[in-house]
Amino acid sequence: MAKYYKLLAVGCWLLAASCQEGKDAGDLLGQWRLTDKEDMYVNFSGHIAEFRKNNGQSVFAKFQHTGDSLFMQCSSIYKEKRDTTMVEDEYGMKPFTNIRVRIEALDDDHLTLSKGGQRWLFEKY
């Protein structure tokens, strides 16, 4: 029964997020594909980010864009280890609940993020 309440709570959270104006995401608004991975994307809308893979797996995060920094706090509906593994290991963004990356470049077509010598290159999709 607790799973249903969690699912309902997340559904309400997503519904509220979808009512936000997309412009809140600023220049990040939209879907970005990780250039070296054909099946990995990050979507930004309002203040919600979605890490997504083509296999249907996705993880949501609240995000804040401040200056040249991007702060993200991911959450997992069922607290599944695979969600943490996807973000931390496959995307390489750590820690799951407190990601902070630097925005090196952001324009209409390209997004470059970095942290501790690691770089992520995205293209608008």
Side-chain angles (χ1 to χ4, degrees):
M1 189 72 168
K3 284 185 180 181
Y4 296 111
Y5 287 118
K6 287 181 183 179
L7 186 57
L8 179 62
V10 170
C12 291
W13 182 63
L14 292 174
L15 181 61
S18 69
C19 293
Q20 296 180 21
E21 292 185 37
K23 67 180 181 180
D24 290 345
D27 293 338
L28 292 169
L29 178 65
Q31 178 170 266
W32 299 87
R33 184 180 65 83
L34 196 56
T35 57
D36 61 342
K37 306 281 184 173
E38 290 292 321
D39 68 337
M40 297 173 67
Y41 301 86
V42 177
N43 302 313
F44 294 96
S45 180
H47 292 286
I48 304 296
E50 175 192 22
F51 291 89
R52 187 175 61 79
K53 291 184 67 177
N54 283 347
N55 67 3
Q57 184 180 3
S58 64
V59 173
F60 292 93
K62 293 180 190 175
F63 79 89
Q64 181 179 1
H65 177 192
T66 305
D68 69 347
S69 294
L70 180 60
F71 302 90
M72 294 180 279
Q73 295 180 331
C74 297
S75 59
S76 174
I77 295 173
Y78 298 112
K79 307 288 186 212
E80 293 182 355
K81 179 67 177 161
R82 73 183 188 122
D83 293 339
T84 303
T85 299
M86 181 179 85
V87 173
E88 289 189 348
D89 297 340
E90 294 180 46
Y91 278 85
M93 295 189 181
K94 300 177 184 178
F96 184 75
T97 57
N98 192 23
I99 299 168
R100 180 182 181 182
V101 292
R102 181 174 176 265
I103 298 175
E104 288 187 6
L106 174 59
D107 62 33
D108 292 340
D109 299 316
H110 298 92
L111 169 64
T112 303
L113 304 175
S114 66
K115 179 179 181 177
Q118 188 171 5
R119 294 179 79 206
W120 298 270
L121 305 172
F122 294 88
E123 62 186 10
K124 195 74 163 254
Y125 191 77

Within this structure, what is the [atom1]-[atom2] distance for the pair [X] and [Y], rounded to the nearest 0.5 Å?
{"X": "D68", "Y": "S114", "atom1": "CG", "atom2": "OG", "value": "8.5 Å"}
{"X": "S45", "Y": "L28", "atom1": "OG", "atom2": "CG", "value": "11.0 Å"}
{"X": "F60", "Y": "N43", "atom1": "CZ", "atom2": "CG", "value": "8.5 Å"}
{"X": "T97", "Y": "K94", "atom1": "OG1", "atom2": "NZ", "value": "13.0 Å"}
{"X": "L34", "Y": "E123", "atom1": "CG", "atom2": "CD", "value": "9.5 Å"}

Which atom names give the shortest non-hydrogen contact between [X] and [Y], and what distance separates them?
{"X": "K79", "Y": "S76", "answer": "N-OG, 3.1 Å"}
{"X": "Q118", "Y": "G92", "answer": "OE1-O, 3.4 Å"}
{"X": "G30", "Y": "K124", "answer": "CA-CE, 4.0 Å"}
{"X": "C74", "Y": "V59", "answer": "CB-CG1, 4.0 Å"}
{"X": "F96", "Y": "D83", "answer": "CE1-O, 3.6 Å"}

**OP:** Sequence neighbours left out, what pairs pass salt bridge (charged side-chain N to carboxylate O under 4.0 Å, His left out) with at least one residue falling in residues 34-44?
**Re:**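 Output for this query lists R33-E38.
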Just by modelled atom types, is the [Y] backbone N or O under 3.5 Å from a matching donor or acceptor in the [X] side chain?
{"X": "Q73", "Y": "K62", "value": "no"}
{"X": "K115", "Y": "I99", "value": "no"}
{"X": "E90", "Y": "K53", "value": "no"}
{"X": "T85", "Y": "D89", "value": "no"}

Original post:
Going through the checks in order, is the side chain to side chain contact (heavy atoms under 4.5 Å, CB included) test met by V42 and L111?
Top reply: CA-CA 11 Å; V42 177; L111 169 64; over 6 Å; no
Original post:
Quick one: does W32's side chain get under 4.5 Å of L106's, heavy atoms only?
Top reply: yes
Subject >> Check: V87 and M72 side chains under 4.5 Å, non-hydrogen atoms >> reply: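 Answer no - side chains too far apart.
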**OP:** Mark yes when over 12 heavy atoms from residues, nucleotides or ligands other than Y125 sit less than 6.0 Å from its OH; otherwise mark no.
**Re:** no
Original post:
Given the rule that I, L, V, M, F, W and Y join up when any side-chain heavy atoms are under 4.5 Å apart, are F51 and Y41 in one cluster?
Top reply: no
**OP:** With sequence neighbours excluded, tell me which residues meet side chain to side chain contact (heavy atoms under 4.5 Å, CB included) with T112.
**Re:**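 Partners of T112 under the side chain to side chain contact (heavy atoms under 4.5 Å, CB included) test: E104, A105, R119, L121.
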Original post:
Among all residues two or more places apart in sequence or in another chain, which pass the ring pair (Phe, Tyr, Trp, His ring centres under 6.0 Å) test with F63?
Top reply: F44
